[in-house]
Amino acid sequence: MVPFPADLTPPDCAFASDNAAGAHPKILEAVIAANSGHELAYGDDPHTRRCEALFAELFGAPVRTLLTFNGTGANVLALATALGPSQGVLCTGWSHIAVDETGAPERVLGVKLIDVPAADAKLTPGDVAAQAQHFGVMHHVQPGVVSVTQSTELGTVYTPEEIGEICEVAHGLGMLVHLDGARIANAVAAHGQGVESLRAMTIGAGVDVVSFGGTKNGFLGGEAVVICNPDLVRWAPYLRKQVTQLPSKMRFVAAQFNAALTDGLWLETADHANQMARYLYDSVRKLPGIGFDAPPAVNAVFPCLPDQIIDPLREWCFFWDWDRLRSQVRWMTAWDTTPVDVDRFVAGVRHFLA
Ligand SMILES: Cc1ncc(COP(=O)(O)O)c(C=O)c1O
């Protein structure tokens, strides 16, 4: 192994994942502030009540919010609220529920995921319409829920109109729509109209249930399932416990959301992460040997690199492979990535390319 030159300082932040970042100081302060005295468990506390009210305000509707520990659990719970017996979930072959949850929805819910190919990780209304052929066939799982991810696992984003069209077709066929919003803040920041963007791509588009991420956006950990369709509320609290996503010390999850949703912190952090990805892309896109399918829409870039530099570069500063057959990797930015981190990383990329 060739030693790294001494003057090539790796960045303080890795480009592995927004999950790799620590928690935002305001989130930590909120957790510490919530850490006084006793509060009743399982959400019967003022922090959780405030959190539920903040989500209703954010969505501009009397949504029902259930806080959870993590994103996989939020997805499992969200799907559980929407699925009927014998029903399956339409999603893309890139979707986190299909490829990165170790089969949790299949195991916990006993559901079949109908994962279809999508080069950009986005479903189309046509994908949804094509499911109609299975209705009424006794031997086929009955497509019941469409799951879209916003922003997607490939860093692409749906427009609110695209989500609206999917919802229209799905609802027309009697199906419901789940939105995996582990990175919804990044999608909203990219769309650029704050709360209006959030509403337009969720409740306004007709989405029935949203997994709303916090962990990747500067939390210690915590996600929310936001139920927009009142028909799905009845069994949701029981389902949450059944899928092991009922935090007893819920005040600490709630306190994080309360800090994030106050004064627009959740969009500030996501917008910063998006901007750092754009800065990274702009800094490397013209380097010989690097190729991109598209500029970043949110906080991840997916370059194709000369294969022989991937491992040495990763050894120097960690990141994940994405599609090794294409020598494609993922570099992800976070709320705490700085321009200096990007500059240092780019210096390393230049070194290994040379
Ligand atoms: C799109 C998407 N959904 C859900 C999750 C699940 O999050 P967790 O790791 O908290 O289970 C992730 C995490 O990477 C994700 O990228």
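Numbering of ligands and ligand atoms starts at 1, following listing order. It should be emphasised that the depicted structure is a prediction, and the values quoted were computed from it without experimental measurement. Positions are given from 1, in the same order as the sequence printed here.
- Atom CD of E162 has more than 12 heavy atoms from other residues, nucleotides or ligands within 6.0 Å.
- There is no side-chain donor-acceptor pair under 3.5 Å between R64 and T81.
- Contacts of E223 with ligand 1, taken as heavy-atom pairs under 4.0 Å, are absent altogether.
- Close approach to T72 involves these atoms of ligand 1, each under 4.0 Å from a residue heavy atom: 6 (C), 7 (O), 8 (P), 11 (O).
- With salt bridges taken as basic N to acidic carboxylate O contacts below 4.0 Å, one links R49 and D44.
- A distance of 11.0 Å separates CZ of F302 from CG of D323, quoted to the nearest 0.5 Å.
- Residue K216 places at least one N or O, backbone or side chain, under 3.5 Å from an N or O of ligand 1.
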Working note: T338 + C13, criterion side-chain contact (heavy atoms from CB on, under 4.5 Å); need CA distance, chi angles, decisive distance, verdict. CA-CA 8 Å; T338 65; C13 287; 5.9 Å; no

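- Some N or O of H96 is nearer than 3.5 Å to an N or O of ligand 1, by distance alone.
- Contact check for N217 versus D18: no side-chain heavy atoms found under the 4.5 Å cut-off.
- Atoms OG1 and CE, from T337 and M332 in turn, are 10.0 Å apart once rounded to the nearest 0.5 Å.
- Nearest protein heavy-atom contact of atom 3 (N) of ligand 1 is D180 OD2, 2.7 Å.
- Within ligand 1, counting atoms from 1 as listed, the ones closer than 4.0 Å to a heavy atom of R183 are 16 (O).
- Under a 4.0 Å criterion applied to the non-hydrogen atoms of E101, ligand 1 contributes the atoms 4 (C).
- By the criterion of a heavy-atom distance under 4.0 Å, the side chain of T149, and not its backbone, is placed next to ligand 1.
- Taking a cut-off of under 4.0 Å to the non-hydrogen atoms of G71, the atoms of ligand 1 that pass are 6 (C), 7 (O), 8 (P), 10 (O), 11 (O).
- The N75 neighbourhood of ligand 1 comprises atoms 3 (N), 4 (C), with distances under 4.0 Å to a heavy atom of that residue.
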